[in-house]
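These notes concern the structure reproduced below.
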Protein chains: 2
Amino acid sequence: MKRDLDIHVAIIEDDETIREGYAFLIGNTEGYKVVGTYPSYEDAAKRIVKDNPDVILLDVELPGISGIDALPKLKKILPDTHILILTVYEQEMLIFRALGSGAAGYLTKNTPADKIVAAIHEVMEGGGPMSAHIARMVISSFKRNESTPLTRRETEILEQIATGKSRKRIAEELFIDLETVKSHIKNIYHKLNVHSKADAIKAAKDNKFI
Amino acid sequence: MKRDLDIHVAIIEDDETIREGYAFLIGNTEGYKVVGTYPSYEDAAKRIVKDNPDVILLDVELPGISGIDALPKLKKILPDTHILILTVYEQEMLIFRALGSGAAGYLTKNTPADKIVAAIHEVMEGGGPMSAHIARMVISSFKRNESTPLTRRETEILEQIATGKSRKRIAEELFIDLETVKSHIKNIYHKLNVHSKADAIKAAKDNKFI
DNA sequence: GATATATTCCCCCTCTGCGGGTGATTTGCA
DNA sequence: TGCAAATCACCCGCAGAGGGGGAATATATC
């Protein structure tokens, strides 16, 4: 029986128990069909294009090419396929690299079975499923530090500097004198204990002042 | 009967029907207690500190001071209170301003009642609840443009420039000659059709090349 | 093995920008 | 009525930015 209205799912996961567990779970859910399971990216690369999944569940810790490195390659050969990261790792760097490479969602492996199926559905509907802790980390990455030593104007000027603009251009765009901008920058440097643009930007970003 | 183990919730929402609806819903859920409902930030400011909620449901479209502007003020007077945005608006600018000001989550008003209660619980557990579409927008904000005209090295160097570093410093940190950095920058400027640092950074960020 | 493409380095040129010192005025909020 | 914030001024020396041209190695990809 052909089931073309089903959501076609592929799984890339090296642990056979987990891989077959997911395959069983998803394959036995109404509306879902597992079109391929692969223990590594190298294996997936051979068959995944003709298996043509709608959604890929991708592990990050894979033998050979890691899931993180596999992600952009998969997006290249299957541009319209949604990729859901499924991992035990919660390191910020991995998360943001994955999302930057085009992951549609990021789930941890303690996610209960029904939530994984729900996440696949959510991805198809244009959502971005994330585990609770991951979502908080992502949200936190936007949060400014409210206890900045910089005044509003100083913050504004440092933001402009961070876009690469010259002092002269900043002065023009803020309708103030070049000397005023210089004065603000001197105060910024003193407050942040730095002596250059680059160090000021770094200090401010590290402390989420900008 | 005192119920100190309950999660204390406050609601700031100008529409009385919606406000009382939420209050009724949450107040009648085991484990939750509504400690205050206010039609505006100005009203909330008078009583919310002594009401001392664990979680605030905050509307963005409020009369007087908007929810977005109220958020940093609320964080200031109640630093440990989690704030959940509840709104009909899905504009990127509002979302990122809210998250930048310290919102713990962002829900749209079509969120079913049980999900709202679940979101309050999730926030208390360190999660970051978001409506599906919001989550996708947040994730998309991290996504790089895979069809960049820049090479890997050019992208790397442009990223360094965007941190405010001088060409000389970039050369030292990448262990290449200053002339090489200059050469890359010339190529970057040609590819992006710009003639300055600031314009290159802007063009690259607009197109998500960096 | 041939052909692109990426990466590396070299020379020339002008001129603007950057970092730092010191001090003064006006504006707004508590 | 203060104090912090924001504004503008003039000093100095040095490094950096932008643009012209050319050319030698990797490194893929076919």
Side-chain angles (χ1 to χ4, degrees), chain A residues 42 45-46 49 65 69 72-73 76-77 146-204 209-210, chain B residues 45 65 69 72-73 76-77 144 146-204 209-210:
Chain A
E42 288 84 346
K46 297 172 194 162
V49 173
I65 294 176
D69 294 328
K73 295 177 193 290
K76 203 169 183 181
I77 58 177
E146 60 271 23
S147 64
T148 171
L150 304 179
T151 68
R152 198 176 290 176
R153 197 56 150 178
E154 285 163 0
T155 303
E156 189 180 9
I157 285 173
L158 190 48
E159 276 167 352
Q160 296 295 310
I161 290 174
T163 69
K165 287 180 189 148
S166 71
R167 300 160 174 215
K168 188 180 176 185
R169 188 162 159 193
I170 294 169
E172 285 163 0
E173 291 181 10
L174 295 183
F175 304 108
I176 55 178
D177 196 275
L178 172 60
E179 286 301 325
T180 309
V181 175
K182 286 179 66 177
S183 184
H184 282 304
I185 291 172
K186 275 181 268 194
N187 291 331
I188 292 168
Y189 286 8
H190 284 138
K191 286 181 180 178
L192 301 184
N193 254 290
V194 297
H195 307 278
S196 72
K197 251 192 308 184
D199 291 342
I201 292 168
K202 184 176 185 336
F209 297 151
I210 58 169
Chain B
I65 294 176
D69 295 328
K73 296 177 193 289
K76 204 170 182 180
I77 58 178
R144 289 283 185 92
E146 60 270 25
S147 64
T148 171
L150 304 179
T151 68
R152 199 176 289 174
R153 198 56 151 179
E154 285 162 0
T155 303
E156 190 180 9
I157 285 174
L158 189 49
E159 277 167 351
Q160 295 295 309
I161 290 174
T163 69
K165 287 181 189 145
S166 71
R167 299 158 174 219
K168 188 180 175 186
R169 189 164 158 190
I170 293 169
E172 286 163 0
E173 291 181 10
L174 295 182
F175 304 107
I176 55 178
D177 196 275
L178 172 61
E179 285 302 325
T180 308
V181 175
K182 286 178 67 178
S183 183
H184 282 303
I185 291 172
K186 274 183 270 193
N187 291 331
I188 292 168
Y189 285 9
H190 283 140
K191 285 183 181 178
L192 300 184
N193 253 291
V194 295
H195 306 278
S196 70
K197 249 190 312 181
D199 291 341
I201 292 169
K202 185 178 185 335
F209 297 150
I210 59 169

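Below, read A as the first sequence line, B as the second, and so on, with proteins coming before strands; counting in each chain starts at 1.
Regarding contacts with the backbone of C:dT8, a side-chain N or O of B:R153 is found under 4.0 angstrom from either OP1 or OP2. For D:dA5, the OP1/OP2 oxygens have no side-chain nitrogen or oxygen of A:T151 closer than 4.0 Å.
Between the CD1 atom in A:I185 and the CD atom in A:Q160 there is a gap of 11.0 Å [rounded to 0.5 Å].
In this structure, B:N187 places its CG atom 13 Å from C1' of D:dG21, rounding to the nearest Å. To the nearest angstrom, P of C:dA6 lies 7 Å from CD of B:E154. Rounded to an integer number of Å, the gap from CG of B:D177 to C1' of C:dA6 is 17 Å. Atom NE2 in A:H184 sits roughly 13 Å away from atom P in D:dA9 (whole-Å rounding). Taking atom CD1 of residue B:I170 and atom C1' of nucleotide D:dG16, one finds them 12 Å apart after rounding to whole Å. Distance CG (B:D199) to P (D:dA17): 15 Å, rounded to an integer number of Å. The CD1-P distance, from B:I157 to D:dA17, rounds to 13 Å in whole Å.
Salt bridge B:R169/A:D199: present, at least one basic N to carboxylate O contact under 4.0 Å. A salt bridge between A:R153 and A:E156 is present, with a side-chain N of the basic residue lying under 4.0 Å from a carboxylate O of the acidic one. With salt bridges taken as basic N to acidic carboxylate O contacts below 4.0 Å, one links B:K191 and B:E154.
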Quiz item: Quick one: what's the B/S/- string for nucleotides 17-30 of chain C, heavy-atom cutoff under 4.0 Å, read 5' to 3'?
Solution: SSBBBB--------

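With a 6.0 Å radius and a threshold of 12 heavy atoms from other residues, nucleotides or ligands, A:K202 has its NZ atom at or below the threshold.
The side chain to side chain contact (heavy atoms under 4.5 Å, CB included) test with A:H184 is passed by exactly one of A:I170, A:L150, A:I157: A:I157.
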